[in-house]
Amino acid sequence: MKHDLLITLDKERQIPFSRQIYEQVRNAIHSGALTGGDPLPPSRTLANQLGVSRSVILQSYELLQAEGYLEMRKGAGTFIAELTLEEKITNVYESPYNFITKGPDFLTLNPPSSREVDHLNPVFCDFRHGVPAWDAFPMDQWQKALMNACRRASPDTLGYGPAEGSLGLRREIARLLRSTRSMPVVPEQIVITSGATQALDILSRIFLFKGDQVIVEDPSHSVVREIFSFAGVEVIPVNVDQDGICVEEIQTNSDNDKEGILKKSPKLVYVTPSHQFPFGTTLSLKRRVQLLDWAKANHAFIIEDDYDSEYRYEGPKLSALAGLDVEGRVIYVGSFSKVLFPSLRIGYVVLPPALLQPFLAVKWITDRMSSALDQEALAEFIQNGHYARHVTQMGKLYASRRACLVNSLNTEFGSRVRYYGEEAGLHLLIELESDAEENRIAEVALRYGVRVYPASSYFLESKPKGPVFLLGYSNLTENQIKMGVNRLMLAEAEATVSSSHL
């Protein structure tokens, strides 16, 4: 890093130059422009740059050092000191505006790496869900597809493309959905997004107004609920059981209970029928038909989030809910994050014809287009059969890891553990019979080198009695899984003993 520091002195201000330098360096530290370890210019260099005496620079540096902002290293120079997280938060400028009144815990959603958490107790087993097996991804084939996309790039590819995305990729997605999800879809119905989250955000913009109601499954992902809540609507939770969302509850509230939770007919229902999040149950055929009938009768639309549908280990595969839709009431949302890798940021939405233009209008304004080169590379990756082979290979690998996790849980906890969603997907939801609090178990487990994720926040009304955790297994070896479950058992035992003494 060069010893450059942009400082301007105002001779009209009735404030000493040393104080002006101090304030600007301090503000640069708290804004993030200067961070711990960054060098400051030597005092003579900065004095010549600003046209002041060296003593002015030394005074400002000494004041900053006295307050803990700088550290002097003999023979090396002057550097920005490392601030703790508490110091950064305490000293940061507080805005008088409250733009977001509430939101998800982003540290929980995107936890720091094990090296950032505790150097003395590194994490050897992270049960984070939704993470594919990095080491098994066919990177050579993907790099070749990317290189070919770059070689074929034209001014049209490198410029602003259509908001709906690459026609080549949309054609390949349509072929996939017709063959694997029994959906009679054409490329013109598909819009490429930067992931499922963007699709949900755009849908909330075109559908919802303040005071509207949206039905979601209970439990459900907190991010989904927040997207709808930020639109100013009321989120109505509906229970999930072994057959999926309880459609009967929606019908009862809308048809008979005029004083119930539904103030008016909801415009949207959000479901995860192939692999309910986080329970992992599959929406039964009977309830699929009931839900479609309800949507038709109430002029509502269903958002089908079909995440993890590629991986099913037990029982026959069902078609997508959209495959049964003949009324144009289902909006199908998919993503490649779980199958390939999350940073690809390519998802898609299949829209009924009536919604295509409103959706594209919002996308054009807010996002314009997704990365064209990545889309072209993905289209080739699918067309050449690499995608299908990868899904097949990963299905076998994940089935083995899933079986290892189930066996390990049975071995370590016996009848004290209940697990859900073992027949599909990339995670298990487990409930322990324990007197310990789930956050305490997670805290102790982290000291044992295992990171687990408490899941009670996914439940809105029907809270589980015991501690619940979401355990992802797709990016863990079988040895890591066995050791991780063993350490989780030890952590639960320790947490139980400590809670009994409180």
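Hydrogens, waters and symmetry mates are skipped; everything else that's a heavy atom, side chains included, is used. The model shown is predicted, which means the values in this text are computed figures rather than measured ones.
- In this structure, the side chain to side chain donor-acceptor pair (under 3.5 Å) partners of R418, at least two apart in sequence or on a different chain, are Y420.
- R170 meets the salt bridge (charged side-chain N to carboxylate O under 4.0 Å, His left out) test with no other residue; sequence neighbours excluded.
- With sequence neighbours excluded, no residue forms a side chain to side chain donor-acceptor pair (under 3.5 Å) with R487.
- Judged as a salt bridge (charged side-chain N to carboxylate O under 4.0 Å, His left out), and not counting sequence neighbours, D305 has no contacts.
- Pairs engaging residues 129-138 under the side-chain hydrogen bond (donor to acceptor under 3.5 Å, both in side chains) rule: none recorded [sequence neighbours left out].
- A donor-acceptor contact closer than 3.5 angstrom links the side chains of Y419 and N410.
- Taking the six-membered ring for Trp, Y473 and H427 have ring centres at least 6.0 Å apart.
- In this structure Y398 satisfies the ring-ring contact (aromatic ring centres under 6.0 Å, His included) test together with Y311, sequence neighbours excluded.
- Under the rule for a side chain to side chain donor-acceptor pair (under 3.5 Å), T193 has no partner lying at least two apart in sequence or in another chain.
- Ring geometry, F381 versus H386: the interplanar angle falls from 30° to 60°, so the pair is classed tilted.
- With sequence neighbours excluded, the residues forming a salt bridge (charged side-chain N to carboxylate O under 4.0 Å, His left out) with R152 are E380, listed by chain and number.
- A donor-acceptor contact closer than 3.5 angstrom is absent between the side chains of T366 and R205.
- Electrostatic pairing of D241 and R287 counts as a salt bridge here, judged by a charged N lying under 4.0 Å from a carboxylate O.
- By the side chain to side chain donor-acceptor pair (under 3.5 Å) test, N384 is found to be paired with no residue, residues two or more places apart in sequence or in another chain being considered.
- Salt bridge status for D140 with K144: absent, with no side-chain N to carboxylate O gap under 4.0 Å.
- N239 and E461 form no side-chain donor-acceptor contact under 3.5 Å, judged by distance and modelled atom types alone.
- Here the two rings, on F341 and F137, have centers that are under 6.0 Å apart.
- For F336 and Y387, the distance between ring centers is under 6.0 angstrom.
- Sorted by first and then second residue, the salt bridge (Lys or Arg N to Asp or Glu O under 4.0 Å) pairs involving residues 351-365 (not counting sequence neighbours) are K363-D367.
- The salt bridge (charged side-chain N to carboxylate O under 4.0 Å, His left out) test applied to D243 returns no partner, not counting sequence neighbours.
- Legend: residues meeting ring-ring contact (aromatic ring centres under 6.0 Å, His included) with F301, ordered by chain and number and at least two apart, are F207.
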